[in-house]
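Data first, discussion second: the structure below is written as C-alpha cells.
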Amino acid sequence: MTFDYHEPTSVREAIELSARFGGDGRFLAGGTDLMVQIHRGRLNPRHVVSLQCVPGLDGIEVDGAVRLGARVTHRRLESAEAFQGALRGLAEGAEVVGGHQVRNVATVGGNIVNASPAADVVVVLLALDATLTCLGPAGERTVALDGFATAPGVTGLRPNELLTRASFPRLAPRSATVFLKAGRRRAMEISIACVAARVTLDDLERCQDVRIALGAVAPTAIRARAAERHLEARPLTDGLMRETGRIAAAECRPIGDVRASARYRALLVATLVPRALARCLERIKLGAP
Amino acid sequence: MDAPGKVTGTALYAADFALPGMLYGKVLRSSEPHARLVRIDAGRAARLPGVRAVITAADVPDVRYGGSVKDERVFARDRIRFAGQPLAAVAATSPDAAAAALTAIEVVCEPLRPVFDVAAALAPGAPLVHDAWASYTALPILHRDGNVCNRARIVVGDVERGFVEADRVFENRFTTSSVHQGYTEPRAAVAQWDSSGQVTVWSNTQLPFEIQTTLAEILQLPPSKVRVIVPGIGGGFGGKLRIGVEHFAALLAMKTGRPVKVMTTSEEELTAAYARQPATVAVKTGVTNDGRLTAREARLWFDTGAFAGSGPGVASVATLMLAGPYRIPNLLLEGFAVYTNKTNFGSFRAPSGPQANFAVESQMDIIADALGLDPLELRLKNIVREGEEGPTGQVLTAVGLEECLRRAADAIGWRDRRPEVGRGKGIACGWWTTTGGSSGVYVKVNPDGTVALNTGAAEIGTAALTGAAQVLAEDLGVQMADINVVSADTLSTPFDFGAQGSRTAFAVGNACRAAVADLKRQILALASKHLGVEESALALREGSVVGAGKRATLGELARISQASGGGLIAHGTFVAPPTPYDTKRVEGHVYPAFHSPSFHAHATDLSVDAETGEITIHRYVVAQDVGFAMNPAAIEGQIEGGVAQGLGQALSEEIVYENGRVLNANLTDYKMPTARDVPRVESILVQHPSLVGPFGAKGVGEPPNIEPPAAIANAVASATGVRITSLPITAEKVALALRERAK
Ligand SMILES: Cc1cc2nc3c(=O)[nH]c(=O)nc-3n(C[C@H](O)[C@H](O)[C@H](O)COP(=O)(O)OP(=O)(O)OC[C@H]3O[C@@H](n4cnc5c(N)ncnc54)[C@H](O)[C@@H]3O)c2cc1C
C-alpha cells in the first residue's frame, strides 16, 4: 500500500489534481471507508487527494433549503441544533454511524460517494428528497440523490468530479422525520436493515407527503415507492401503518449474507416501517402548537 | 501493580517490542481447506525488493509437535488440512514488502474431499484428516480412533437403571459456535540469535516454559538454547497458550541472521488462531416428578479442527462440566475431540465451560418448565453440597453453591420472574477448577529494604501477580509499593506452569508463602545475631524486625547479609496437592478432578422485542464463590470482563464458516460487544475458603465466562416462551422462532 498524498487548499486545485490523476486518484475525506478499502486491497489508488484543507466544504446552512457541505462530519450532524426538531431523523441517522472515533472524522460526502447500500445517512437524505451538487472540470451540475447510486459502490459521479454538497428543501409545517436501524450490536454496526420516514400531515390528519427510504435491503439505498403511495391522503392508523410495512417489505430486494438472512431483513422492514411512521405521527402531535 | 502503566500507555507489550536491524515476517496461508500440496515455488518472491528470506517446509526440520498428539508441523509438507494453514514465511525489510512477497509465492495443489464438521467427520467412510493418525506419538491415556483424537468418558452407576427409576426422561440437543478470545494485542514475537547459538524470543505467550519446550523441539535444540521472555501481554484468555508466531520468527531469524518480528492480522486471528471449539451437545436426563435427577447420559463433540491441540484435554474437562454441579447417581458422560478441515480450535477462558454449561443449564430449565417447578428450586434440590462427591468421586469441600444461587436470585428479584410481557429472568449455575501445576519463586530482600519477587509466571492482565505480591507483602510485613516483580524469562526466572486455568494468584501466591517462611527464618536468625536478642523474642513488623526494645530494618539486614552471607534470598515452591478421585470411573481422561473448585450462579433480567427479536438486558448479577477475596476490585474486574465476553458468546459472536472458509474474518462482521451492549454487572463475592489456596482463595479468572450463555437463554425463554438451543442467540434467531411459533 503506497500512494502519493496531496493536500490541495482550494476546490479548484482539488479538481485540477484529480483531473490530472484520472482513474489513479481518489478523494479522501474522513478516510473511514477509503482507508479500509485500501488496507483490504480492494482499492489501490496511486494518488490520494485529501479534502482536509479545502475550504467551503463543511458548512451547514439552514436558510430556507438546507445545505450540507460534503465534508460535514456525522458528529456535527448529530449535534447540530437545526436537526433536533422536525429534522431529528437526520441526527438519528448520524448518531448511529460507527462509534465516536468514526463519527468525529467520517463525512456526509463520503457516506454518499461510497455508495454502500447500508449507508445510514444516505437513507435519511433519500427521505428528504436531497439533491447533490457536483463540481468538475466541466463545471457544476445538480443531480438527485435518488438514483445517484446505481450499484454497491457505484455512483453517477463523473470521473474527476467533486461532490460539494447535499441539499434538501425545508420541511412543510406539521412534518417529522425518523430514522431506525437494526443490527447485531448497538454501536460499530453496519445496518442489517434501516428505515427513514418523513411524514407531513394535512389539517385533516391525512398524509400529505410521505417518504419511506430503506437501507441494506437492496443493492442501493432505495425509496419504498409503493409503500409511500399506499399512504397518500390517508390518516395514519395502526392497521394502515402495518399494511404499509408489509408493502415495503414486499418491494425491497434483500440478500442473505453473513450479517442476516434475506427473510429477517424483510421482516425488519415490515416491523420498522410502521414503527417509524408511528413515531413521526407522535412527533408531529408533540410538535403541534 | 500493572494498572498505572497500562492506563497511561507506558506499559510495554510484546507487540511494541523492537530491535535494531529488525526484519518483518509474514506467513503465507493456504486458501484451500483440504488438498494435496503438489508444489510450492518461492523463487520469484525471494527476488523481490526488500525480501531477505523465504522459507517453506523444505527449509525446516521435519518435526511433528503437539502437547497431546504430535500431529502438527510448522508448514504443510504434502497435505493441506485447513484454509489458513501456514505454507511459507517471508522476512523482509518492511511489513508491506513481506506482504507483497507472499502474493508472489506460487502454490499448486489438488483439492481433496474435505470434512467440514463433526457430523461429516464421524460419518461412515469419511475421509481421514490424518491418514497416519495411529502412528503419531500421543499421550497413552487418550482414546483415539480415526478422526476422533480423544474420547474422554466418565461412567458412574448405571444410567439405564437410572432412566428406569425416572418418571420423565428429557433429551435435548444444543450447538455452539466458534468464538475468538478477542485479546486486544495480536499474537506477536521477536526472535534473535546470538553467536553462541542461543535464540531469544520475546513473545506475548501465556506459557513461556511450554513455548520454550515446543521451540526446542521444532528447532531441534536443547531447551537451554531457547530463551523465551514475555515483555507484556495484551490479553490472552487461552488464545496465547500454544505456539503462535514464535517459531516463524525464530526460523526466519535463523535464516537471515537478523532479528525478525512476526505479528498476526485480524484476518489471521479469525481464520488461523485458537478460537473456542464449536460444540454439539446431546443431553439425556432422567428425573422424578418431584424433581430429583436420577441419571444423565450426555455427549459433547468438539470440532478440534485440523490438529488435536488442546482438544483432547478440553474434551476431558467437558465431561466434568456435563455433570454440572449436581448430585446425579448414574452418569455416562463422553467428550469427543474430532478432527475436521478447520483451524485448530483451542482453549478459551474456561475451555469447554460455556459450551457444556449452555446445554445442561438450558436443559435444567426445560425440565423445570415441564414439571411445573421453579428453576431455582429444581437446582437447589439437586446441587452438590459440602462433603458430597463430584462426578469422579472427588470429595467436595468449601461448596458455596447454595449461597451463590440464593444470593443471585434474591438480587435479581427472582420471585417476580416475569414482571411484564416480553420480559423475563433467567438463572444458571456451574462449577470450575483452579488448575494445578507447579510454581517456583525467588524472593530477595534488596539493600534498601524493598523486595524483589522473581516468578516464571506472566502477568496476563488479571492482576494475578498483584495478588501474589499481596500475599508476599502480607506475610513479610512490607508495603505493596515495596515489591518489584521480575517475571516470565525462561533463562532467569524459576519454573511456572503458566498463566492458565485461573491458577496464577493461587499457585504463585502459595509459592510466595513458602519463600517467605524460609526468608523469615534467615531474617530472624540474622537479626538475632545482629541485635543480640533471642529469635523467639523477635517479630517482623512493617519492614523491620523488632523485639526487646530493639529494631533492625529489612534493608539493614539485607546489607549485613550482602557483606557477610550473599544476601537474603529464598526459593519458594508450590504444587497443588493431587485431588483424589475414583480411577475406575474415568477413561481417556486427562483432567479427572477439579482442584479447589469454585461455584457460581448468574442471574439476568431482560426484555425481548417480540417483532425484531432484539434483546435488552436490564440487569446482570453474578454471585461467585471466590474462597477468599484477596483483591475485591480486581475480582470484580474479572467478573465484569468475563461476563462481557460471555455475553458476546451468548448474543453476537460467531466465526461463520462456509465450506471450510471463514466468511467474517474481520472485526466489522465478527461482533464483539461494545461498551453500549454490556450492562452494568453486579458482583456478589461469596467466600467459602478453600483448604489449599492462599488465605483460602480459589481461582477466579475463568468462571465468569461460563454461565452467561445459559443465563441469557433461560431468561429469553422466560420472557418469550421460545427456547433457543444454538449459540449465539441473535435477534434474528429469536424473531424467526417467535414467527414459527405464531404460525
Ligand atoms: C468502524 C466503522 C464503522 C462504520 N459504521 C458505519 C455505520 O454505522 N453507518 C454507515 O453508514 N457507515 C459506517 N461506516 C462507513 C463510513 O464511516 C461512512 O460511510 C462515512 O460516512 C464515510 O465518510 P468518510 O468521510 O470517511 O469517507 P472516505 O473514506 O474519505 O471516502 C469514501 C469514498 O467517497 C469518496 N469521497 C469522499 N468525499 C468525497 C467528495 N466530497 N467528493 C467525491 N468523492 C468523495 C472517496 O474517494 C471514497 O471513495 C463505518 C466505517 C468504519 C470504519
Side-chain angles (χ1 to χ4, degrees), chain A residues 1-3 32-33 35-42 44 95-102 116 118 180-195 216 241-242 245-246 249 254-276 278, chain B residues 49-50 94-100 102-103 177 265-267 270 609-617 644 647-648 650-658 661-679 728-740 742:
Chain A
M1 175 195 65
T2 46
F3 50 74
T32 59
D33 280 319
M35 293 314 295
V36 174
Q37 288 155 3
I38 291 175
H39 271 291
R40 291 187 183 164
R42 271 186 241 142
N44 193 12
E95 73 194 8
V96 294
V97 171
H100 294 288
Q101 297 95 324
V102 171
S116 155
L180 296 175
K181 165 171 177 170
R184 203 176 274 196
R185 57 187 175 189
R186 281 160 212 259
M188 302 300 277
E189 182 67 357
I190 308 296
S191 289
I192 289 175
C194 61
V195 170
M241 290 190 280
R242 272 201 300 278
R246 283 195 290 272
I255 55 163
D257 63 9
V258 70
R259 294 176 189 153
S261 67
R263 182 175 170 218
Y264 184 53
R265 286 194 159 102
L267 185 152
L268 285 171
V269 169
T271 304
L272 297 183
V273 164
R275 284 189 189 177
Chain B
S94 74
D96 282 347
L102 293 186
T103 62
S177 296
T265 61
S266 304
E267 185 180 346
L270 289 161
D609 184 317
E611 289 171 310
T612 64
E614 199 186 335
I615 293 166
T616 305
I617 303 172
L647 291 177
L651 295 166
S652 61
E653 290 181 46
E654 171 179 23
I655 299 179
V656 183
Y657 278 89
E658 189 179 77
R661 293 189 178 86
V662 175
L663 296 183
N664 57 341
N666 59 70
L667 296 178
T668 309
D669 286 320
Y670 181 77
K671 309 277 188 191
M672 284 183 272
T674 69
R676 294 203 52 202
D677 298 290
V678 181
I729 302 170
T730 58
E732 167 161 2
K733 277 185 199 164
V734 176
L736 296 180
L738 285 165
R739 275 291 155 111
E740 288 307 314

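Just so we're on the same page: letters track the sequence lines, and every chain starts at 1.
Formation of a donor-acceptor pair under 3.5 Å by the A/Arg259 side chain with backbone atoms of B/Asp669 is not found in this model.
The shortest distance between side-chain heavy atoms of A/Asp257 and B/Leu663 does not fall below 4.5 Å. A heavy-atom distance below 4.5 Å is not found between the side chains of A/Ile192 and B/Glu732.
Annotation: B/Glu267, atom CD; neighbour count of heavy atoms from other residues, nucleotides and ligands within 6.0 Å does not exceed 12. In this structure, A/Arg185 places its CZ atom where more than 12 heavy-atom neighbours from other residues, nucleotides or ligands lie under 6.0 Å away. Atom CZ of A/Arg40 sits in a crowded spot, with more than 12 heavy atoms from other residues, nucleotides or ligands closer than 6.0 Å.
Per-residue counts of heavy-atom pairs under 4.5 Å with chain B were compared for A/Ala182, A/Gly99, A/Ala187; the largest is that of A/Ala187. In terms of heavy-atom pairs under 4.5 Å with chain B, the best-connected choice from A/Ile190, A/Leu267, A/Leu268 is A/Leu267. No other option in B/Thr265, B/Leu667, B/Ile615, B/Leu736 has as many heavy-atom pairs under 4.5 Å with chain A as B/Leu736. Each of B/Val656, B/Asn666, B/Asn664 has some count of heavy-atom pairs under 4.5 Å with chain A, and the biggest count is that of B/Asn666.
There is no contact between A/Arg265 and chain B, counting heavy-atom distances below 4.5 Å. At a 4.5 Å heavy-atom cutoff, the contact between B/Thr668 and chain A is made by backbone and side-chain atoms alike. Heavy-atom distances place both the backbone and the side chain of A/Ala260 under 4.5 Å from chain B. Proximity to chain A (any heavy atom under 4.5 Å) is shown, for B/Glu658, by neither the backbone nor the side chain. When heavy atoms are compared at a cutoff of 4.5 Å, B/Tyr657 does not approach chain A at all. Contact annotation for B/Thr616: both backbone and side-chain heavy atoms come within less than 4.5 Å of a heavy atom of chain A.
How far CD of A/Glu189 is from NZ of B/Lys671: 3.5 Å, rounded to the nearest 0.5 Å.
Nearest heavy-atom pair, A/Arg186 versus B/Asp677, reported as atom, atom and distance to 0.1 Å: N-OD1, 2.7 Å. Across all their heavy atoms, A/Arg184 and B/Ser652 have their closest contact at NH1-O, 3.0 Å.
Side-chain contact, B/Thr612 with A/Arg275: no donor N or O sits under 3.5 Å from an acceptor N or O.
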